[in-house]
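Shown next, in C-alpha cells, is the structure this report addresses.
Atoms within each ligand, like the ligands themselves, are counted from 1 in listed order.
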Amino acid sequence: MREPIHGDKPIVIQETPGTKAYCQCGLSERLPYCDGAHSRHQTGLTPCVCDVDAEGKKAICQCHRTATPPWCDGTHKNPAT
Ligand code: FES
C-alpha cells in the first residue's frame, strides 16, 4: 500500500447534501473529492464515502490524522509524532 500524500491543513468548502467520496490518497485532481486516482496509481487506498445531510461549510482533513474522517478535527495543528 502506498502512503497518502498529506496536506498541512484542511480544504474548506461549501458542501451540498448528498453522498460524497472524499480522496484519501491525495492524488486526485479534484481534491477534496475522489477522481479514481487511487485506482490508477494502485495505492491500495480507497476514498472516504459519506452522506452529507445538509448544506454547509465543511473542513475536509488532508493531513490524514483526524479522529473523525473525513472531517478535520484540528489535529493538523499538532506536530506529527
Ligand atoms: S487537516 Fe485538520 S485534522 Fe487533518
Side-chain angles (χ1 to χ4, degrees):
M1 183 179 337
R2 181 174 170 163
E3 274 292 306
I5 295 173
H6 302 286
D8 59 0
K9 61 185 178 186
I11 295 175
V12 180
I13 57 173
Q14 186 69 21
E15 188 57 285
T16 57
T19 301
K20 312 292 178 171
Y22 296 107
C23 175
Q24 297 297 294
C25 70
L27 296 169
S28 174
E29 294 180 6
R30 296 180 52 237
L31 288 174
Y33 302 108
C34 172
D35 73 351
H38 64 280
S39 291
R40 292 192 301 277
H41 294 277
Q42 301 179 336
T43 64
L45 299 168
T46 56
C48 183
V49 178
C50 63
D51 293 322
V52 176
D53 293 336
E55 182 172 340
K57 194 176 195 180
K58 302 284 187 187
I60 315 301
C61 175
Q62 299 299 298
C63 76
H64 303 110
R65 293 188 293 128
T66 182
T68 58
W71 318 122
C72 171
D73 68 358
T75 301
H76 66 274
K77 297 175 185 170
N78 303 330
T81 54

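Below 30°, between 30° and 60°, or above 60°: for Tyr22 and Tyr33 the angle between ring planes is below 30°, a parallel geometry.
For a distance threshold of 2.8 Å, the protein N, O or S atoms nearer than that to atom 2 (Fe) of ligand 1, listed by chain and number, are Cys72 SG, His76 ND1.
For His41, there are no ring-ring contact (aromatic ring centres under 6.0 Å, His included) partners, not counting sequence neighbours.
Across all their heavy atoms, Leu45 and His38 have their closest contact at O-CD2, 3.0 Å.
Looking at His64 and Pro4, their side chains come closer than 4.5 Å, going by heavy atoms from C-beta outward.
We find that Arg40 and Asp35 are joined by a salt bridge, their nearest charged nitrogen and carboxylate oxygen being less than 4.0 Å apart.
Within the 3.5 Å criterion, the main-chain N or O of Cys23 finds no donor-acceptor partner in the side chain of Arg30.
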